[in-house]
Amino acid sequence: MDKKLFLKSKGAAPGTIMYEGDTAPVQTNITCCKIMHDKVEESDIIDYNNKDKSVTWIRVTGLSDSSKVIETLKPFNIDSLTLEDVFETYHNPKFDDTFDYNFIIMHSLSINTTMQDNQISFIHKDNFLITFEEYHCDEFNIVLQRIHKNFNKFYTRGSDYLLYALIDAVIDSYIMILNNINLSVDSIEDTMTQDVTCPCDTSQLFTLKRYVNFLSKHTRTSYDVVNQLLKLSIEHSSENNIYIVPYYEDLCEHAVYLNEAVLYCKDSIHSVYAENMSRMQLKSNKFINILTMLSTLMLPPMVIGGIFGMNFNKIPFSSFPHGFAVSVFAMFAVSFILAWFFKKKNFF
């Protein structure tokens, strides 16, 4: 399927903030979720001062209106190069530790008819967490529901825990996608087991292989991001935030498991594809064997018919009353003897 590319003009200066991707940009919507010890408030108004020391999640959905995003986030003094990376949605997952804030890029993936890629960026500064979604991320809605149920837990553990919860939701979505791919591969294997002679549809295998390769590109770099977050949490750990280290350690273990599971899934698809190709080759060889044997069985009648069909005056048995019957009997007899010999040697 052809994709329409939304690209900046050539020669644009570094720091030019403009949406760049392969899907049409979604309308920009900015909401603010304030997590306090006794309640959760969601509104379109951002409290930049944060006098109540709440954990504030600013959620930017859709990247069509760059001027609105720049104006809204101006008090946070976000570098233009950072915002440029936010609006350029082809980046691999990465982690940047700047002097003033931490900048993270991840990707949320989903499978409908095709694999869909949603770039998600995080800017973590003090008690503020700003997220940018290329289009609406369903995993974040699940985290938002958890916030409303356990707001005190998110408040006491701070914005570090909120960042962990969102990244963990993205990693979990990778695992769910990989599980669905594994189920599809297992289904193909079960079908091939039930019918040991029939090859499967290779188009489905190629689709699954493409999905796994695309997923693998993000899982490898996501592990690097999680590992850097773990190192940063250890280096800056104190009595107030030492609790976050075990969470990132657990997240790092999930990322390691995910990469190993992706490799296993690749091997499974490769083995199924190899088995499928061997079955197709075997089926082709059987067909060629049948044609070869038919040609061999038809060769004696053709030779005998060719000998007695030569234009000579004196041919043996040409004047014999039963010459035709004898020649036809000889044709079938030689063919039958050859067929019996092939069957005895298990050629078919």
Next item on the list: Can you measure from NE2 (H148) to SG (C33) and round to the nearest 0.5 angstrom?
Entry: 5.5 Å
Next item on the list: Mark yes or no for whether E134, through its side chain, and Q119, through its backbone, hold a donor-acceptor pair below 3.5 Å.
Entry: yes
Note to self: I'd like to know whether NE2 of H91 has more than 12 heavy-atom contacts from other residues, nucleotides or ligands below 6.0 angstrom.
What the structure shows: yes
Checklist line | F122 vs N102 side-chain heavy atoms within contact, under 4.5 Å | finding: no
Checklist line | Joint hydrophobic cluster, M106 plus Y135, side-chain heavy atoms closer than 4.5 Å | finding: no
Check: Taking atom types as modelled, is there a side-chain donor on N29 or H136 under 3.5 Å from an acceptor on the other?
Finding: no
Item checked: Sub-4.5 Å side-chain heavy-atom contact between F103 and V86 -> yes
Item checked: Shortest non-hydrogen contact from K266 toward N213 -> CE-OD1, 3.5 Å
Checklist line | Smallest separation among heavy atoms of S80 and I17, with atom names | finding: O-CG1, 4.0 Å
Note to self: Is there a path of hydrophobic side-chain contacts, each under 4.5 Å between heavy atoms of I/L/V/M/F/W/Y residues, joining L81 to Y90?
What the structure shows: no
Item checked: Check: Y48 ring centroid to F128 ring centroid under 6.0 Å -> no
Item checked: Residue pair Y211 / S184, side-chain donor-acceptor N/O under 3.5 Å -> no
Notebook entry, point to check: Which heavy atom of F214 sits nearest a heavy atom of M115, and at what distance?
Noted result: CD2-CG, 3.4 Å
Next item on the list: For the pair D96 (side chain) and T98 (backbone), establish whether a donor and an acceptor sit closer than 3.5 Å, ignoring hydrogens and angles.
Entry: no
Notebook entry, point to check: So Y161 and Y164, would you call those rings parallel, tilted or perpendicular, with 30° and 60° as cut-offs?
Noted result: tilted
Check: Under a 4.5 Å cut-off applied to non-hydrogen side-chain atoms, are L162 and W57 in contact?
Finding: yes
Notebook entry, point to check: Looking only at heavy atoms, which two atoms of Y101 and N77 are closest? And how far apart?
Noted result: CE2-O, 4.1 Å
Next item on the list: Kindly say whether V170 contributes a backbone atom to a donor-acceptor pair with the side chain of H107 at under 3.5 angstrom?
Entry: no
Next item on the list: In sequence, state the C-alpha distance, the side-chain angles, and the governing distance for Y273 and F206, and then conclude on ring pair (Phe, Tyr, Trp, His ring centres under 6.0 Å).
Entry: CA-CA 9 Å; Y273 179 75; F206 283 129; 5.6 Å; yes
Next item on the list: Using atom types as modelled and distance alone, determine if a side-chain donor or acceptor of S187 lies under 3.5 Å from a backbone N or O of L183.
Entry: no
Next item on the list: Look at the side-chain heavy atoms of Ile, Leu, Val, Met, Phe, Trp and Tyr, link any pair under 4.5 Å apart, and say whether I175 and Y223 land in one connected group.
Entry: no
Notebook entry, point to check: Do other residues, nucleotides or ligands put more than 12 heavy atoms under 6.0 Å from the NZ atom of K209?
Noted result: no
Check: When you measure from the side chain of S64 to the backbone N and O of T28, does any donor-acceptor pair fall under 3.5 Å?
Finding: yes
Next item on the list: Return yes when atom NZ of K68 has more than 12 non-hydrogen atoms of other residues, nucleotides or ligands closer than 6.0 Å, and no otherwise.
Entry: yes
Checklist line | Min side-chain heavy-atom separation L178-L215 under 4.5 Å | finding: yes
Note to self: Has T72 got a side-chain atom pairing as donor or acceptor with V69's backbone, closer than 3.5 angstrom?
What the structure shows: no
Margin query: Has S216 got a side-chain atom pairing as donor or acceptor with V212's backbone, closer than 3.5 angstrom?
Written below: no
Check: Are any side-chain N or O atoms of T31 and backbone N or O atoms of D44, one a donor and one an acceptor, separated by less than 3.5 Å?
Finding: no
Note to self: So which atom in M36 and which in F151 form the shortest heavy-atom distance, rounded to 0.1 Å?
What the structure shows: O-CD1, 3.7 Å
Margin query: To the nearest 0.5 Å, what is the distance between NE2 on H124 and CD1 on I104?
Written below: 8.5 Å
Next item on the list: Write down the atom of V143, the atom of A169, and the distance for their closest heavy-atom approach.
Entry: CG2-CB, 3.8 Å
Check: Is there a donor-acceptor pair closer than 3.5 Å between any side-chain N or O of E133 and the backbone N or O of N118?
Finding: no
Notebook entry, point to check: If we only count heavy atoms from C-beta on, is the I171 to Y257 side-chain gap below 4.5 Å?
Noted result: no
Checklist line | Minimum side-chain heavy-atom gap I120-F140 below 4.5 Å | finding: yes
